[in-house]
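Presented below is the structure to which this report refers.
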Amino acid sequence: MAARPPSPRSVAGWILRCPETLTEPEQLQLKNISANCPEIAALTRHIWSFATMVTEHQGERLPDWLDAVRRVTSPASTPSPQDSNAIGTPSSPA
């Protein structure tokens with residue numbers, strides 16, 4: 001019988017925790033998920049990079065960090081006005 005996949009809450013917890021605090025099985029599961037989902041891999045890198053920047057008081061890195069995040073943000077991940085209307089979110093007038 002195949003093992004159950006981790007819950008979204010578990011994956012979010014692994015991404016939001018300091019990498020050094022993850023157990024070996026958690027590290028392996030996150031590595032496997034990241035290998036199969038480039039969006040999760042990018043998200044994890046950005047969150048961990050941001051956490052390092054904040055904890056090490058490296059605010060001067062923020063503009064470069066923001067540029068890096070913007071580079072990987074695809075237009076497909078941003079809902080169009082039609083998509084927004086479909087889910088009940090008001091769109092701005094054209």
Side-chain angles (χ1 to χ4, degrees):
M1 184 158 126
R4 281 183 28 195
S7 70
R9 178 177 280 197
S10 293
V11 176
W14 301 334
I15 293 170
L16 294 172
R17 284 180 27 212
C18 179
E20 292 80 25
T21 67
L22 297 175
T23 65
E24 200 168 314
E26 291 169 339
Q27 290 174 7
L28 183 59
Q29 285 187 301
L30 184 55
K31 182 178 180 180
N32 288 335
I33 291 166
S34 295
N36 290 300
C37 182
E39 295 85 1
I40 293 287
L43 176 68
T44 301
R45 284 190 308 273
H46 290 306
I47 289 174
W48 289 352
S49 174
F50 185 81
T52 299
M53 182 176 51
V54 170
T55 58
E56 295 181 6
H57 306 280
Q58 299 172 341
E60 70 280 357
R61 290 182 41 213
L62 183 59
D64 291 337
W65 182 86
L66 288 169
D67 289 341
V69 170
R70 288 182 185 121
R71 277 193 304 274
V72 298
T73 303
S74 72
S77 67
T78 307
S80 70
Q82 293 82 12
D83 294 337
S84 297
N85 287 334
I87 60 171
T89 305
S91 62
S92 29

Nearest non-hydrogen partners of [X] and [Y], listed with the distance:
X: Thr52; Y: Arg61; value: CG2-NH1, 4.3 Å
X: Val72; Y: His46; value: CG2-NE2, 3.3 Å
X: Cys18; Y: Glu20; value: SG-OE1, 2.6 Å
X: Gln58; Y: Glu56; value: NE2-OE1, 3.0 Å

Tell me if the CD atom of Glu24 is crowded by more than 12 foreign heavy atoms within 6.0 Å. no

First locate atom [atom1] of [X], then atom [atom2] of [Y], and finally report the distance between them rounded to the nearest 0.5 Å.
X: Ile40; Y: Asn32; atom1: CD1; atom2: CG; value: 13.0 Å
X: Arg9; Y: Trp14; atom1: CZ; atom2: CH2; value: 13.5 Å
X: Leu22; Y: Gln29; atom1: CG; atom2: CD; value: 10.5 Å
X: Asp64; Y: Met53; atom1: CG; atom2: CE; value: 9.5 Å

Only one of Leu62, Leu66, Val69 passes side chain to side chain contact (heavy atoms under 4.5 Å, CB included) with Phe50, and that residue is Leu62

With side chain to side chain contact (heavy atoms under 4.5 Å, CB included) as the criterion, how do Glu39 and Leu43 come out once you've worked through the C-alpha distance, each side chain's angles and the decisive distance to 0.1 Å?
CA-CA 6 Å; Glu39 295 85 1; Leu43 176 68; over 6 Å; no

State plainly whether one hydrophobic cluster holds both Leu16 and Trp48, where clusters connect Ile, Leu, Val, Met, Phe, Trp and Tyr through side-chain heavy atoms under 4.5 angstrom apart.
-> yes

Identify whether Val54 and Ile47 are in the same connected component of the hydrophobic contact network (ILVMFWY, side-chain heavy atoms under 4.5 Å).
no

**Asked** Side chains of Arg45 and Ser34: donor-acceptor distance under 3.5 Å anywhere?
**Response** no

